[in-house]
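See below for the structure under consideration.
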Amino acid sequence: MLRDKNILIGVTGSIAAYKVPLLVRLLMKEGANVRVVMTPSAHDFVTPLTLSTLSKRPVWTEAFDPRDGLWNSHVDLGRWADLFVIAPASANTLAKMAHGIADNFLMTVYLSAKCPVYFAPAMDLDMYRHPTTQENIHRLTRMGHHLIEPQTGELASGLCGAGRMEEPEMILEVIRLALTAKDMEGVHALVTAGPTHEPLDPVRYFGNHSSGKMGFALAENLAMRGAQVTLITGPTALSTHRPGIHRIDVVTAAQMQEEVMVQLPAHTVIIMAAAVADFSPATVHRSKIKKQGNLEMQLTLKATEDILAGIGKARRTDQVVVGFALETDKERENARHKLQEKNADLIVLNSLRDKGAGFATPTNKVVIISRDGTEKAYPLKSKEEVANDIVNEIRRALSGPAQ
Ligand code: CTP
């Protein structure tokens with residue numbers, strides 16, 4: 001989500017600076033360009049070498065480079081950034097920010113920055129509670145800067161209370177949200193995820209290797225872009241806490257089908273990412289089936305209902321319907337056939353012949369086939385990035401001519 005975004009991090013003198021290397025790493029992993037500015041006292045808590053190694057860029061503290069005397073332009077840095085996050089933000093720096101005191105390089109960069117500014121305070125609880133600090137924070141938020149609230153917990157002083165800098169994973173999440181266009185606002189999306197389990201007896205079921213990752217990544221991406229999401233999921237170990245996602249848990253294909261049909265009319269985007277079982281045992285035994293000396297056993301299975309095909313029949317033309325096709329041979333031909341047969345607008349094809357694609361991997365490699373015959377092949381990517389590509393295609397389909 002952060003590929004090629006320019007993130008400037010300002011580090012000030014606080015013990016919480018030990019969390020910044022992890023934040024830099026997380027941002028770099030997302031493909032962001034990261035630059036770091038430090039106050040002189042921040043050097044007491046984390047070394048510039050650590051941060052320059054992780055960000056693959058020099059770290060700035062002085063207006064003049066001590067090695068060659070060259071001038072570091074605070075204006076250039078301030079203008080380069082898409083987002084400036086000051087983390088940790090000490091009480092001292094908050095006060096300077098609130099009153100425009102430009103007595104170090106970080107402060108001159110802050111005063112030149114044109115981008116959104118976020119700050120993550122870190123200090124002892126009494127310092128945080130102090131009326132001056134609180135007044136400074138209010139002043140900064142009134143200016144339009146964004147407070148990343150500190151957490152309550154054990155502090156370096158040994159005291160317990162508010163003042164602990166937010167964790168890097170959460171700061172990353174705030175940055176992601178801030179830089180994600182809300183281009184799905186007003187859209188109601190229905191996403192299915194995970195496998196289904198078809199019971200045979202009280203202890204056994206038929207299932208598949210789906211982890212639910214692709215469906216959850218789609219739900220997260222849609223919600224992050226402003227959509228209201230209903231996520232109907234089969235059994236999975238995954239969790240989601242993102243506001244905007246309403247999760248409904250089901251177990252069997254029949255339960256999923258029933259729930260999807262109830263939800264269908266209220267949604268304009270429908271994505272069938274679940275790996276629905278095609279067959280379920282014809283008889284569900286009330287008691288555990290015993291071996292009874294049998295060396296062989298035959299089971300009768302009956303076909304489940306094809307949920308996507310049912311959606312294809314009941315759908316309205318203002319809805320965008322997306323199916324998946326997991327194939328092992330004649331991939332494109334089979335996928336195109338599914339798109340026609342199930343009356344979908346888009347089919348996301350993944351081939352089990354592609355390494356890193358399909359079930360239970362953190363990555364996927366897909367071809368997105370549209371109803372008008374266009375095909376887009378994407379390289380191997382993380383499931384989060386694949387979800388972003390799919391939602392981009394859905395966005396295009398929503399804005400396109402009515403089908
Ligand atoms: N699907 C569904 N209901 C089923 C089976 C599949 O809604 N009972 C949906 C899946 O969620 C997916 C699409 O249909 O979006 C294609 O699923 P896939 O398993 O690739 O194909 P099938 O239609 O089951 O056909 P086959 O197993 O013969 O390839």
Side-chain angles (χ1 to χ4, degrees), residues 1-14 16-39 42 45-46 51 54-55 59-60 74 77-102 104-123 128 133-152 162-182 224-226 242-243:
M1 299 297 291
L2 294 175
R3 188 157 299 286
D4 300 328
K5 296 283 187 216
N6 296 338
I7 315 291
L8 185 60
I9 303 181
V11 189
T12 76
S14 157
Y18 81 88
K19 296 180 182 176
V20 178
L22 178 56
L23 177 62
V24 174
R25 231 177 76 82
L26 292 171
L27 288 165
M28 295 293 290
K29 261 181 80 178
E30 296 251 327
N33 304 314
V34 180
R35 294 188 186 179
V36 180
V37 186
M38 300 173 81
T39 61
F45 299 94
V46 62
L51 295 172
L54 290 170
S55 65
V59 164
W60 291 267
H74 54 90
L77 262 182
R79 286 182 170 245
W80 167 85
D82 294 316
L83 186 143
F84 188 15
V85 58
I86 297 156
S90 64
N92 188 34
T93 293
L94 289 181
K96 290 183 198 175
M97 287 166 69
H99 298 278
I101 299 170
N104 63 37
F105 185 65
L106 187 148
M107 283 306 305
T108 58
V109 173
Y110 159 71
L111 289 171
S112 318
K114 292 268 183 234
C115 60
V117 174
Y118 285 71
F119 59 99
M123 64 199 74
Y128 187 65
T133 307
Q134 287 302 314
E135 181 49 40
N136 288 335
I137 289 175
H138 285 141
R139 216 179 142 98
L140 292 171
T141 52
R142 276 202 309 274
M143 283 179 207
H145 297 339
H146 305 270
L147 166 68
I148 304 176
E149 291 245 19
Q151 293 303 301
T152 298
R164 229 167 80 167
M165 189 180 89
E166 183 53 282
E167 295 304 322
E169 291 81 359
M170 295 307 293
I171 298 179
L172 172 73
E173 186 55 30
V174 168
I175 296 173
R176 271 199 197 134
L177 258 181
L179 292 177
T180 303
K182 302 289 173 283
M224 203 158 22
R225 291 165 72 158
R242 189 177 295 286

If you round to the nearest 0.5 Å, how far is [atom2] of [Y] from [atom1] of [X]?
{"X": "Thr180", "Y": "Leu2", "atom1": "OG1", "atom2": "CG", "answer": "7.0 Å"}
{"X": "Gln151", "Y": "Met165", "atom1": "CD", "atom2": "CE", "answer": "11.0 Å"}
{"X": "Met123", "Y": "Asn92", "atom1": "CE", "atom2": "CG", "answer": "9.5 Å"}
{"X": "Arg35", "Y": "Ser55", "atom1": "CZ", "atom2": "OG", "answer": "9.5 Å"}
{"X": "Thr108", "Y": "Ile101", "atom1": "OG1", "atom2": "CD1", "answer": "14.0 Å"}
{"X": "Met143", "Y": "His138", "atom1": "CE", "atom2": "NE2", "answer": "13.0 Å"}

4.5 Å side-chain heavy-atom contact, [X] and [Y]:
{"X": "Leu23", "Y": "Lys19", "value": "no"}
{"X": "Val174", "Y": "Glu166", "value": "no"}
{"X": "Met107", "Y": "Met97", "value": "yes"}
{"X": "Thr93", "Y": "Phe119", "value": "no"}
{"X": "Leu179", "Y": "Ile7", "value": "yes"}
{"X": "Pro121", "Y": "Leu147", "value": "yes"}

Query raised in the report: Does Arg142 pair with Glu135 as a salt bridge, N-O distance under 4.0 Å?
Result: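 Yes, charged N to carboxylate O under 4.0 Å.
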**Report entry** Electrostatic pair Glu30-Lys5, nearest N-O below 4.0 angstrom
**Finding:**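 Salt bridge flag = no for Lys5 with Glu30.
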Requested in this report: For the pair Val85 and His146, evaluate side chain to side chain contact (heavy atoms under 4.5 Å, CB included) and give the outcome as yes or no after the intermediate values.
Outcome: CA-CA 9 Å; Val85 58; His146 305 270; over 6 Å; no
Report task. Give the intermediate values and the outcome of side chain to side chain contact (heavy atoms under 4.5 Å, CB included) for residues Met38 and Val46. Result -> CA-CA 10 Å; Met38 300 173 81; Val46 62; 3.7 Å; yes
Query raised in the report: Does atom CZ of Arg242 have more than 12 heavy-atom neighbours from other groups under 6.0 Å away?
Result: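 Enclosed: over 12 neighbouring heavy atoms sit under 6.0 Å from CZ of Arg242.
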Query raised in the report: Should we say atom NZ of Lys182 is surrounded by more than 12 heavy atoms from elsewhere, each under 6.0 Å from it?
Result: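 Enclosed.
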Requested in this report: Using the six-membered ring wherever Trp is involved, compare the ring planes of His145 and Tyr110 and label them parallel, tilted or perpendicular (cut-offs 30° and 60°).
Outcome: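 Judged by the thresholds at 30° and 60°, the geometry between His145 and Tyr110 is perpendicular.
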For residues [X] and [Y], report the shortest heavy-atom separation together with the two atoms involved.
{"X": "Ile137", "Y": "Tyr128", "value": "CD1-CE1, 3.5 Å"}
{"X": "Leu77", "Y": "Leu8", "value": "O-CD2, 3.9 Å"}
{"X": "Ala113", "Y": "Phe84", "value": "CB-CD2, 4.1 Å"}
{"X": "Ala87", "Y": "Val20", "value": "O-CG2, 3.3 Å"}
{"X": "Thr39", "Y": "Thr12", "value": "OG1-CA, 3.4 Å"}
{"X": "Ala178", "Y": "Leu83", "value": "CB-CD1, 3.7 Å"}

Query - side chain to side chain contact (heavy atoms under 4.5 Å, CB included) evaluation trace for Leu51 with Ile9 - result: CA-CA 10 Å; Leu51 295 172; Ile9 303 181; over 6 Å; no
Query raised in the report: Between Asp82 (side chain) and Asn6 (backbone), is there a donor-acceptor pair under 3.5 Å?
Result: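 It does hold such a pair.
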Report task. Tell me, with the steps shown, if Glu169 and Leu22 meet side chain to side chain contact (heavy atoms under 4.5 Å, CB included). Result -> CA-CA 8 Å; Glu169 291 81 359; Leu22 178 56; 3.8 Å; yes
